[in-house]
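Below is one structure; the comments refer to it alone.
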Amino acid sequence: MAETTGQGAAAPAPTPTGDTAAAVALTKSAGAVSPRALKARGDGLALRLIAPVMRLVEIPMLGLQRLLGINLLAWVFLLPNLVLFGLFAFLPVVLNVVYAGTGGDNVLLADRPYVGARNFALLTECGSYLDPNTCREDKFWRAVWNTAWFVTLQVGIMVGFSLLTAIVLNRDIRARGFFRSVFFFPVLLSPVVVALIWKWILQREGVLNAFLDWTGIGGYNWLVDAEWAFAWSVFLSVWAHMGFYTLILLAGLQAIPRDVYEAATMDRASPWRVFRKITLPLLAPTMLVVLVLALIKGVQTFDEVYAFTGGGPGTATTFIIQYIYEEGFAGAPRLFGLAAAASLMVAGVLVVLTLVQLWVNRRNVDG
Amino acid sequence: MTRLLGFLTATRGGAKLHWTDWASYAYLCTGVFLMFFPVIWLVMSSFKTEADLQRYPPTFLPYQQQTIMVEGYDDPLPLFEMTGGEYEGMILAQLRRVGLQAQMIDPANPGERLRVGIEDRVPVERFTLATENYTELFGRFNFLLYFWNSTFITVMATLIMLLTNSMAAFALSKYQFRGRTVVLLLVIGTLMIPQTVVLVPLFLIVTELGMFNSLWGVIIPGAATPTGVFLLRQYMLTIPDEILDAARMDKASEWKIYWRIILPLSAPAIAVLAILAIMWRWNDFLWPLIVLTRSENFTLQLALNSFQGELQTDWSSLLAMTVLTLLPIAMVFMFLQKYIATGIASTGGK
């Protein structure tokens, strides 16, 4: 399976999120480098630290084991996780629907009047969906269109550059590990730090403008101009996240068997032909995973852009999650109903994308 | 020099570098510059004084104007080198500046006051790290409080997450019980419910549980992650069941099997999950922004974000704080880099 699809390292068996995909790549590596040596040291210490607690827990667990038998005990092991999932994942989904059907600005559901589909009607009341100015909630539609543009540009540019970087890194180059981790480095930075770093560079008297003045092009007040602020938001987001996708694509590239390339060399295929006829088709499943993942993340963009521009100038960089945040939590009348209705619409998009992702993964595994 | 170049450009076959190799290295070096320079620039800027930060065009290294203590004056006086006029070449200390004129004295001869035009002088500067940007953080701002909040959330959330997720993964990988598939499907189902789309009801639940404006309100809701369960289960499936059977023969309880056998054996996966969890928690922004509204509960990320509004002019403190927020993650990176690099190199590099 892995050999034929070139998918092995990036997305084995059920790896539904990208985080898992990268994480599994990491685990595999960790396991491969030092089968059992590396952790043996750290383990001893960690085990000794947790031992007293674990021994204490063992007493009730032993009782439960006698009482329930081994197979029912499995549920005891599952319990904490399931309670957390139930409370903080499934219950909220149900409540979200209830919220979307009620109005007012009270948090408690008992105090909220039922309004039916009015929140949705408010959001979708539009002269023309293409022009936010004709809409009742024009800010919502501005956010929707901003998000759509942002996701298109960001995902396109990011996946393009990730692919290029992965291909370059997959060549026979020196210090590959160093270069790879350089591209991965910004992934670890917090969104707020990323935003502040670039804000500092892009401000009117920042280093970029100093450079532009020096070359004679002339500086510019980037973050005051709506279009430039948007463009820089895309740039910043690509900068911060491309390393992650590069890592997945690189794993995909490295899973393509060597002998295919050797056969191509035997046949004196040109490099361009090799790339088009071997690399791209064999990498396609990984590409699909990366694309869907990037889309899912892109739709939920909030942190870095919010810290970077605060959604401005005007509403030029206000995205859908920021709209939800501002309607529900930041503004003076806290319109929870409207926020819930908007987030249900986002959820719809995300569910479709996630299903596509699961389907892609399943197909890769079966194929 | 030529030999060094020859060494660096040598390839295994002894052939010369192809132009695509040059292009590759050029691309990668551009990448290194783009990825690292902003961070280095930030670190450099964080060591500049407020006056130095105002300078345009900016310098790469932090500089400070030299000062001197002169007899008869309480404050240290800034030093200037004269570039023209009567006193050219001398180094003078400035008393005060009046319009385009400045009153200066010669430190060697403090009695006599000299008048010079300000265009005839340049400040005497030396490379100095303005460490007061950092020390100030501990005094004027509640940096330690924010740092503690962030650390507490990160550590507790990671521990709880590792415990609950590994327990669930153990049950899902080592037991055959009715309903296992249903649970697995439920876990996959939670993938479709990212926090961003259930903010409102999550807020209600957290408020009802009395965790609004408490650090636990950030820790608990994110503790169970489908990613963690899958990652650990995947790894635990590779542990042979015979070990468990042997332990059961020796009358080990299931809980003992879990923490004495399964946990140590899945340490690599747990380590990876721990790194991911630390990263997620430390960098978390949107949910803390909603739950923690009082500034004494702020995490570092929230504090940074709110300060950039408040302290529009106080970049020196803001930059220093950014660097300190970035530091723990940079440490993790150094550790992780070896992890990833050797890892992928040995699995797929060949």
Side-chain angles (χ1 to χ4, degrees), chain A residues 9 16-17 19-20 23 26-33 39 43 54 58 61-62 65 71 73-74 77-78 80-81 84-85 88-89 92 95-96 99 107 168 171 177 179 181-182 185 188 190-193 196-197 205 207 210 254 300 302-303 307 321 328-329 336 339-340 343 346-347 351 354, chain B residues 24 27-28 31-32 35 38 41-42 56-58 164 167-168 170-171 175 177 188 190-193 196-198 200-202 204 207 221 223-224 227 230-231 235 253-255 259 264 267-269 272 276 283 285-286 290 301 304-305 322 325-326 329 333 337 341-348:
Chain A
T17 62
D19 303 323
T20 332
L26 294 185
T27 344
K28 286 200 155 181
S29 48
V33 195
K39 58 249 152 88
D43 259 17
M54 291 299 189
E58 190 166 353
M61 285 300 279
L62 200 62
Q65 187 181 341
N71 272 342
L73 196 70
F77 276 104
L78 279 174
N81 216 48
L84 287 175
F85 274 157
F88 300 113
L95 289 180
N96 218 6
Y99 266 109
V107 190
V168 169
R171 294 172 57 96
F179 285 121
S181 39
V182 163
F185 176 61
L188 303 170
S190 89
V192 184
V193 168
L196 282 177
I197 287 176
E205 308 223 310
V207 64
Q254 294 184 331
Q300 300 180 60
F302 169 76
D303 304 2
I321 300 297
F329 302 99
F336 293 117
S343 57
V346 179
V351 165
T354 315
Chain B
S24 300
Y27 177 79
L28 290 176
V32 172
M35 296 292 157
W41 180 252
L42 172 84
Y56 187 83
T164 56
M167 278 167 67
F170 174 53
Y175 292 103
F177 57 95
I188 291 181
T190 55
L191 279 172
M192 289 184 224
I193 318 170
T196 41
V197 301
V198 289
V200 176
L202 214 50
L204 168 77
T207 314
T227 314
F230 271 114
L231 177 66
Y235 198 87
S253 75
E254 296 300 310
W255 182 256
W259 79 270
V272 168
L276 288 178
N283 294 344
F285 181 68
L286 176 56
I290 289 173
Q301 314 294 341
L304 268 183
N305 186 55
T322 312
T325 310
L326 179 155
I329 290 298
F333 170 67
Q337 187 203 356
T342 44
I344 295 184
S346 57
T347 47

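Proteins get letters first, then strands, A, B, ... in listed order; numbering begins at 1 in each.
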inquiry  = Set out, in order, the CA-CA distance, both residues' side-chain angles and the distance that settles side chain to side chain donor-acceptor pair (under 3.5 Å) for B/Ser253 and A/Glu58, then state yes or no.
reply    = CA-CA 8 Å; B/Ser253 75; A/Glu58 190 166 353; 3.1 Å; yes
inquiry  = For a side-chain contact (heavy atoms from CB on, under 4.5 Å) check, start with the C-alpha distance between A/Phe179 and B/Met35, then their side-chain angles and the critical distance, and finish with the verdict.
reply    = CA-CA 10 Å; A/Phe179 285 121; B/Met35 296 292 157; over 6 Å; no
message = Before you tell me yes or no, could you show the steps for A/Phe336 and B/Leu204 under side-chain contact (heavy atoms from CB on, under 4.5 Å), namely the whole-Å CA-CA distance, both residues' side-chain angles and the distance that decides it to 0.1 Å?
response = CA-CA 10 Å; A/Phe336 293 117; B/Leu204 168 77; over 6 Å; no
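Remark: A/Pro191 pairs with A/Asp303, A/Glu304, B/Asn283 by the side-chain contact (heavy atoms from CB on, under 4.5 Å) rule, at least two apart or across chains. Evaluation of the side-chain contact (heavy atoms from CB on, under 4.5 Å) rule for A/Pro80 yields B/Thr164, B/Met167 as partners, not counting sequence neighbours.
Atom OG1 in B/Thr190 sits 14.0 Å away from atom CZ in A/Phe88 (nearest 0.5 Å).
The greatest number of non-hydrogen atom pairs below 4.5 Å with chain A, out of B/Thr207, B/Leu42, B/Thr196, is found for B/Thr196. The greatest number of non-hydrogen atom pairs below 4.5 Å with chain B, out of A/Ala347, A/Ser343, A/Ser190, A/Gly328, is found for A/Ser190. In terms of heavy-atom pairs under 4.5 Å with chain B, the best-connected choice from A/Leu196, A/Leu73, A/Asn71 is A/Leu196. With respect to chain A, the highest number of heavy-atom pairs below 4.5 Å among B/Ile329, B/Leu28, B/Thr322, B/Val198 belongs to B/Leu28.
Interface remark: A/Tyr99 contributes side-chain atoms only to the contact with chain B (heavy atom separation under 4.5 Å). For a residue to count as touching a neighbouring chain, one of its non-hydrogen atoms must lie under 4.5 Å from one of that chain's; by this rule B/Ile193 touches chain A with the side chain only. When heavy atoms are compared at a cutoff of 4.5 Å, B/Phe170 approaches chain A solely by way of its side chain, counted from C-beta outward. Contacts between A/Glu205 and chain B at a heavy-atom distance below 4.5 Å involve backbone atoms as well as side-chain atoms. Contacts between A/Phe302 and chain B at a heavy-atom distance below 4.5 Å involve the side chain alone, from C-beta outward. Only the side chain of A/Met61 has a heavy atom closer than 4.5 Å to any heavy atom of chain B.
Considering only heavy atoms from C-beta on, B/Trp255 stays 4.5 Å or farther from A/Gln65 through its side chain.
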